[in-house]
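This report refers to the structure that appears directly beneath it.
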Protein chains: 2
Amino acid sequence: MAKKPSARAPLDQFDRAILRILQTDNKTPQRSIAESVNLSTAAVQRRVAALEATGVISRNVAVVDPDAVAMSITAIVEVYLRDERSATVDAAKAAFRKTPEVQQCYYVTGGTSFVLIVVTRDMRSYESFTRKVFEENDSVNNYRTLVVIDRVKTDTQIPIQE
Amino acid sequence: MAKKPSARAPLDQFDRAILRILQTDNKTPQRSIAESVNLSTAAVQRRVAALEATGVISRNVAVVDPDAVAMSITAIVEVYLRDERSATVDAAKAAFRKTPEVQQCYYVTGGTSFVLIVVTRDMRSYESFTRKVFEENDSVNNYRTLVVIDRVKTDTQIPIQE
DNA sequence: AATGAAAAACTACACTA
DNA sequence: TAGTGTAGTTTTTCATT
């Protein structure tokens, strides 16, 4: 839907207020957003469209409960690459990006190369995932798994200031 | 708003197909969902309502690009508690849950107690965050910060099988 | 599964800071 | 000129049969 790198329209108070609402529930009718922020529905409509067009809102999604679809293992994995040459790193990024079990992937400082959040059906499929993605991958030197006991907070919400 | 009365209606192929679509774009009209999965719009409508009512779809949200709202630091933090007594752990969970900079929080196995994903405006505000949340908190024994260089993948998408 | 009513999203245009 | 509000049009959602 929305994919536009940068059209820097600086966000004002109205935009921020709208974002705060949509981040919580993007099905909120424009009419009630308009009430909350004291604008007309048309103004809200235009602002939302602009926020989507410029990529401030990157996607509109339904959040699915992993348990409900029988994906009961969530793991956080620190991955250490064999080296940090850009070709090696880029190849790893591309691989992680297209692996469906990898829900999130961050490239980080501090010795660890990557932190992944991995979701699988059960422990057996987690094991076969590690074999496929780490052990059969030469550029992965080592990895450390932290199994999630409790998903305490998973809101992908950004604190929007002022 | 989504509840979670855990009414286990086992998901069939249609439900899964619908979820895959809504996880990508929850603004997709029911009419085009109906086309994709070969159901009537009414059937799609009923199924979506049921998925929301039973908490399989927990929320409907807009995803905001952190850079666009000038939140440029993302950090992954491993937190080690002083002890693992349930009172200590529960207090920490509650604290992290209500701290806005803590975007995600996982309670994990393997020595580390928690893994947090923290979003702040800049390094200075990250430092003041650590002071406030970790250093002035007796039950936090130690913590290790991994600063995110590249948010390679942040889809909060669950792989839905079959 | 199809129809129709209600609601929401979107568009056009005149107005204002 | 950029942005708003009013009002009218289209699309989507939802209830009824």
Side-chain angles (χ1 to χ4, degrees), chain A residues 1-65 68-69 157 160-162, chain B residues 1-5 7 9-65 67-70 157 160:
Chain A
M1 240 184 150
K3 214 155 195 205
K4 221 190 245 174
S6 60
R8 308 255 137 248
L11 305 181
D12 62 13
Q13 292 298 78
F14 289 119
D15 289 324
R16 282 195 268 266
I18 291 169
L19 286 176
R20 265 184 233 110
I21 294 169
L22 294 181
Q23 239 185 344
T24 306
D25 180 4
N26 74 348
K27 292 291 222 307
T28 311
Q30 296 179 341
R31 181 172 152 286
S32 66
I33 299 174
E35 261 173 42
S36 305
V37 304
N38 288 316
L39 279 178
S40 70
T41 58
V44 172
Q45 146 72 25
R46 279 188 294 258
R47 281 165 180 270
V48 172
L51 291 168
E52 285 174 349
T54 56
V56 176
I57 293 174
S58 56
R59 317 202 319 280
N60 283 288
V61 302
V63 179
V64 173
D65 176 12
V69 290
Q157 224 151 316
I160 295 176
Q161 298 202 324
E162 228 117 320
Chain B
M1 299 314 215
K3 327 201 111 195
K4 211 180 168 180
L11 305 182
D12 62 12
Q13 291 298 77
F14 290 118
D15 289 324
R16 282 196 265 269
I18 291 169
L19 285 176
R20 265 183 235 111
I21 293 169
L22 294 180
Q23 239 185 346
T24 305
D25 180 5
N26 75 346
K27 293 292 223 307
T28 312
Q30 298 176 342
R31 178 177 44 76
S32 66
I33 299 174
E35 261 173 42
S36 304
V37 304
N38 288 317
L39 279 178
S40 69
T41 59
V44 172
Q45 178 189 318
R46 252 178 287 115
R47 281 166 182 270
V48 172
L51 290 168
E52 284 175 351
T54 56
V56 176
I57 293 175
S58 57
R59 311 187 2 250
N60 284 288
V61 301
V63 179
V64 173
D65 175 11
D67 291 330
V69 290
Q157 226 151 314
I160 296 176

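Below, read A as the first sequence line, B as the second, and so on, with proteins coming before strands; counting in each chain starts at 1.
One can find a donor-acceptor pair under 3.5 Å joining the base of D/dG5 and the side-chain atoms of A/R46.
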Quick test: give all pairs of protein nitrogen or oxygen and nucleotides 15-17 of chain C nitrogen or oxygen below 3.5 Å, distance rounded to 0.1 Å.
none

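Contact annotation: A/R47 does not reach the phosphate of D/dG3 (side-chain N/O to OP1 or OP2, under 4.0 Å).
The side chain of B/R31 sits closest to D/dT12 out of D/dT12, D/dT4, D/dC14.
Residues B/S36 and B/I21 approach most closely at CB-CD1, 4.0 Å, considering heavy atoms. Of all heavy-atom pairs between B/F14 and B/N38, the closest is CE2-O, 4.2 Å. Of all the heavy atoms in B/P10 and B/D15, the pair that sits closest is O-OD2, 4.4 Å. Across A/V37 and A/A17, no two heavy atoms sit closer than the pair CG1-CB, 3.6 Å.
Note that the CD atom of A/E35 and the OG atom of A/S40 stand 12.5 Å from one another [nearest 0.5 Å]. In this structure, CZ on A/R47 lies 10.5 Å from CG on A/L19, to the nearest 0.5 angstrom. Rounding to the nearest 0.5 angstrom, the gap separating the CD1 atom in B/I18 from the CZ atom in B/R16 is 12.0 Å. A distance of 4.5 Å separates CG of A/L22 from CD1 of A/I33, quoted to the nearest 0.5 Å. If you take CD on A/E52 and OG1 on A/T54, they are separated by 9.0 Å, rounding to the nearest 0.5 Å. Atom-to-atom distance recorded for B/I57:CD1 and B/N26:CG is 8.0 Å, nearest 0.5 angstrom.
Computed from coordinates, the A/K27 NZ to D/dT13 C1' distance equals 11 Å when rounded to whole Å. Counting to the nearest Å, the P atom of C/dA9 and the CD atom of A/E52 are 11 Å from each other. If you take CG of B/L22 and C1' of D/dT13, they are 14 Å apart, rounded to a whole angstrom. Atoms CG (A/L51) and P (C/dC10) sit 13 Å apart, rounded to a whole Å. Taking atom CG of residue A/L11 and atom P of nucleotide D/dG3, one finds them 12 Å apart after rounding to whole Å. For the pair A/Q30 CD and D/dG5 P, the interatomic distance rounds to 13 Å; values are reported in whole Å. Across the protein-nucleic acid pair, A/D12 atom CG and D/dT4 atom C1' stand 13 Å apart, rounded to whole Å.
Across all strands shown, A/Q45 has heavy atoms under 4.0 Å from base atoms, whether or not it also approaches the sugar-phosphate.
In terms of position along DNA chain D, the nucleotide closest to A/F14 lies nearer the 5' end than the nucleotide closest to the other residue of the pair A/F14 and B/T28.
Listed in residue order, the members of residues 35-43 of chain A having a heavy atom less than 4.0 Å from DNA chain D are A/L39, A/S40, A/A42, A/A43.
Counting only N and O atoms by type, the side chains of B/Q23 and B/R20 include no donor and acceptor under 3.5 Å apart.
Without hydrogens or angle criteria, B/T41 side chain to B/Q30 main chain gives no donor-acceptor distance under 3.5 Å.
Rounded to 10 degrees, the angle between the two end axes of the helix from C/dA1-D/dT17 to C/dA17-D/dT1 is 30°, with five pairs used at each end.
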